[in-house]
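Right, one structure below, let's go through it.
Naming convention: chains lettered A, B, ... in sequence-line order (proteins, then strands); numbering from 1 in each chain.
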Amino acid sequence: MKILLRISLLFIGLCALLVWVAPSSAGSSFDEIKKRGYILWGSDAEGGAPYVFPDPKDPSRLVGFEVDLANAIALELGVTARQSQNAWDSLIPALQRGDFDIAMNGIEITPQKQETVLFSVPYYIYSEQLVVRKDNNDIHGVSDLRGKKVGTLSGTVAQEILTKTEGVDVKVYAGQVEPYEDLAIGRIDAVLLDLPIASYYGKTNPKLKYTGDPVGEGFYGIAIRKSDADLKKAIDRILLKLHSSGELRKIYEKWGLWDVTQKGLAAKINPSEGYIGVEESKKAPLYTFFPMLLKGALITVAISTTSMMLAVALGLFLTLARLYGSPLLRGSATGYIEVYRGTPLLIQLYILYYGLPNIGISLSPLLAAFLGLGMNYAAYESELYRAGISAIPKGQMEAALSLGMTKTLAVRRIVLPQAIRIALPGVTNDFIALFKDSSLVSIIAMVELTKTYNILAASTLRFFELGLIAALLYFMMSYPLSLLARRLEARMKQGAR
Amino acid sequence: MISIRDLYKQYGEHQLFKGINLDVSRGKVMVLIGPSGSGKSTVLRCINGLENFERGTVTVDGIEISAAGAGSYDRAYEENIRKVRRKVGMVFQQFNLFPHKTVIENIIEAPTHVLGLQRESAVEGALLLLKRINLAHKIDSYPDRLSGGEQQRVAIIRALAMKPEAMLFDEPTSSLDPEMVGEVLAVIRDLVTEGMTTVIATHEMGFAREVADRVVVFDQGEMIETGTPDEIFSRPQKERTRTFLSRIRE
């Protein structure tokens, strides 16, 4: 016993040591970069023009003004630049974790972010551009957005501007392509995003146009870990040099990004001057996030329950079609089940929401989420029912038939009620799974609990505390269901009733 | 009342019946005996359409089920089978009570949903029948709370509640503990006494001798001998009958 205790204590101690050691080994300083000969810079190439994106002529190669900038910086450092792919809204947490040395991807310098990371001097001055459909004539500026659906990116200054404007229905996206696509097909009324994004995705779309002057003024900076002050100093020096040598201007002109505002960069780029354009905001206490998280949780409940109802009903239909239908019906039901079980839910959701508009069917996020989850889970429910039905002895059907019942009546009154009792624990377990899978619908601009967390955490960078709260909310919703499932299972074991 | 003509039945490769002919007149009792797998249960199941057959006809009270309709999706064929089932009640070896329904619900299920009876009158009729078998106090019990004998008696009542003109019993006591066989046979005896047309497949030779008007001996899908109980049990003509009877008497 004592030995066992000692071994387990030793094990715990070892684990603690590992946790202690891990972060310092992951952090890479300025010297390390020089030693290994390359600098790793984090960015998101998914729909990332004109910042970082796969070259349309050769998709294996990344291009963009930040690629050029990264190469220029690396050259000055005497190393090469390597891009590290990371989802845009988690670039900063990934940087802190040590996944790469710097993060550069249109990251706006804000006081919140400065609490967690260092920023280089600004390398670009951006403003926010409002984009609408060509046929729209009533939106001329942010003040006209009351009551409109406006798309933007998660964790951006544009999102902050929109949330502060009263009466705007803000739709938050994870990528920069999707909001403009949704705008073009009429799902939303306008998109407010950084001018470089608008110039690349908004202006080039024949159905869309700019409206009003750019608003706000902010700065893109290179994010660097707080422990790497020497790296920041070096990069600041390099940016200053690239600016005064005209190299920076050349890069921006190449990408059509040089405008009058960039001339003001000279004043801002001098680190001795203050350059923060965004107003100071204090760290909000945790409870202020509760209303939003609870609202997200409510939407999660609503989506899960309604799509579960669809799954239960459609699943039952599939089962009956499969067991008692004509050959054609049987074949299509089997095909449906195989296809839905054999492909990822995520892809199904993408096709429903972003794919169907290509053939003229545009679903609202809510409808797409409901159909996507419901139709997917119907396949699983159907299998559960089928197992339940096959568990019913043949004699039950024969007894019912011999009493003069039709097959339909016998299935409805005798076989199904017993089969459903058998399937019920499994169905409850599936409901729990659906609850958690409902977080996947956040990819189709549906702001449920996970998306709410995502948005709040991306703008405040409080991934940890908010993550715990969101997880707790999920747990509070699914735990009662687990208890129910366990009770049902226990009852099943007891007797057939 | 029940008449089987030239019945052929095949299980996969195995040809069970090669032309069975059988007649049961109204009010008469026919008992089918023979070793397990000899085909007596299958005959019963063919009579009320639980089994398809390849050739021949089954006629019940003028309604004909012919082999031709089986397999395909023939409405008239299905309709005829249902008509036959309305006239003929069936009791199974495994009782087959509905486990999710109470005794009374088991009994009134078909009268209310097939005959369209009002619940009250169906319950009234069921209670009368239950009193006959002294199970009126069990109306709200679920089948798993009943003994095997009680379950089988309820199953008989459930079939009778449809007011059938004939009853088929497929080895009604074979799954019962010996001490419960008597109570089930007593119920069947009562029915027979009242003049119910009955076909019973059974291994209870004493009971067969007592109630049967005619006894049919099956072996390997063949009807090897038919006669009165006295003829079959006292003066069997066929060697195979004698072998079977001596084996069962051991």
Side-chain angles (χ1 to χ4, degrees), chain A residues 316 319-333 384-385 387-427 487-497, chain B residues 41 44-45 47-51 73 75 78-79 81-102 105-116 141-145 151-152 154-164 166-170 175:
Chain A
L316 189 60
T319 311
L320 296 179
R322 230 176 147 185
L323 288 176
Y324 307 111
S326 64
L328 179 71
L329 210 54
R330 199 175 310 168
S332 0
L384 280 175
Y385 302 150
I389 288 175
S390 2
I392 307 300
K394 236 179 99 201
Q396 289 290 309
M397 178 57 122
E398 291 182 349
L401 291 178
S402 77
L403 286 167
M405 293 193 192
T406 57
K407 205 165 182 182
T408 320
L409 190 65
V411 168
R412 186 162 65 81
R413 300 277 314 170
I414 306 302
V415 177
L416 268 189
Q418 297 183 57
I420 285 170
R421 275 176 180 76
I422 294 174
L424 209 51
V427 173
R487 267 185 56 180
L488 289 172
E489 266 159 32
R491 230 176 65 176
M492 275 296 306
K493 272 183 203 146
Q494 256 174 39
R497 223 170 289 155
Chain B
S41 289
L44 293 182
R45 293 166 60 81
I47 294 176
N48 78 343
L50 289 179
E51 294 287 349
Y73 221 76
R75 262 189 185 279
E78 297 283 332
E79 200 45 49
I81 285 184
R82 283 197 63 218
K83 277 188 201 154
V84 166
R85 285 174 182 157
R86 290 270 289 272
K87 289 180 183 288
V88 182
M90 176 120 177
V91 173
F92 300 86
Q93 183 181 342
Q94 299 296 342
F95 328 138
N96 294 345
L97 289 183
F98 307 136
H100 60 303
K101 292 181 179 294
T102 61
E105 286 168 351
N106 261 279
I107 299 172
I108 66 169
E109 177 68 22
T112 50
H113 284 93
V114 178
L115 300 180
S141 302
Y142 281 90
D144 61 356
R145 298 275 160 230
Q151 288 193 50
Q152 192 61 301
V154 172
I156 296 172
I157 294 304
R158 179 175 69 177
L160 289 179
M162 292 298 285
K163 301 201 169 24
M167 284 289 286
L168 309 175
F169 291 90
D170 184 5
S175 317

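- Taking A/K407, A/R413, A/Q418 one by one and counting their heavy-atom pairs under 4.5 Å with chain B, the maximum is reached by A/R413.
- The minimum heavy-atom distance between B/F92 and A/A399, with the atom names listed, is CE1-CA, 3.6 Å.
- Top candidate by heavy-atom pairs under 4.5 Å with chain B, chosen from A/T406, A/L401, A/I392, is A/L401.
- Both the backbone and the side chain of A/I414 come within less than 4.5 Å of a heavy atom in chain B.
- Proximity to chain A is absent for every atom of B/V91, based on heavy atoms less than 4.5 angstrom apart.
- A/L403 has its side chain out of reach of B/V114: every pair of non-hydrogen atoms, C-beta onward, lies at least 4.5 Å apart.
- Looking at B/R158, the atoms closer than 4.5 Å to chain A (heavy atoms on both sides) sit in the backbone and in the side chain alike.
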(request) Take A/E398 and B/M90, measure what side-chain contact (heavy atoms from CB on, under 4.5 Å) needs, and give me the verdict at the end. (result) CA-CA 10 Å; A/E398 291 182 349; B/M90 176 120 177; over 6 Å; no
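- Options B/K83, B/M162, B/Q94, B/H113 differ in how many heavy-atom pairs under 4.5 Å they form with chain A, and the most are formed by B/H113.
- The contact between B/K101 and chain A is made entirely by side chain atoms (from C-beta outward), counting heavy-atom distances below 4.5 Å.
- Residues A/S402 and B/N48 approach most closely at CB-ND2, 3.6 Å, considering heavy atoms.
- With a 4.5 Å cut-off on non-hydrogen atoms, B/I81 does not touch chain A at all.
- When all heavy atoms of A/G404 and B/R82 are compared, the closest pair comes out as O-NH2, 3.0 Å.
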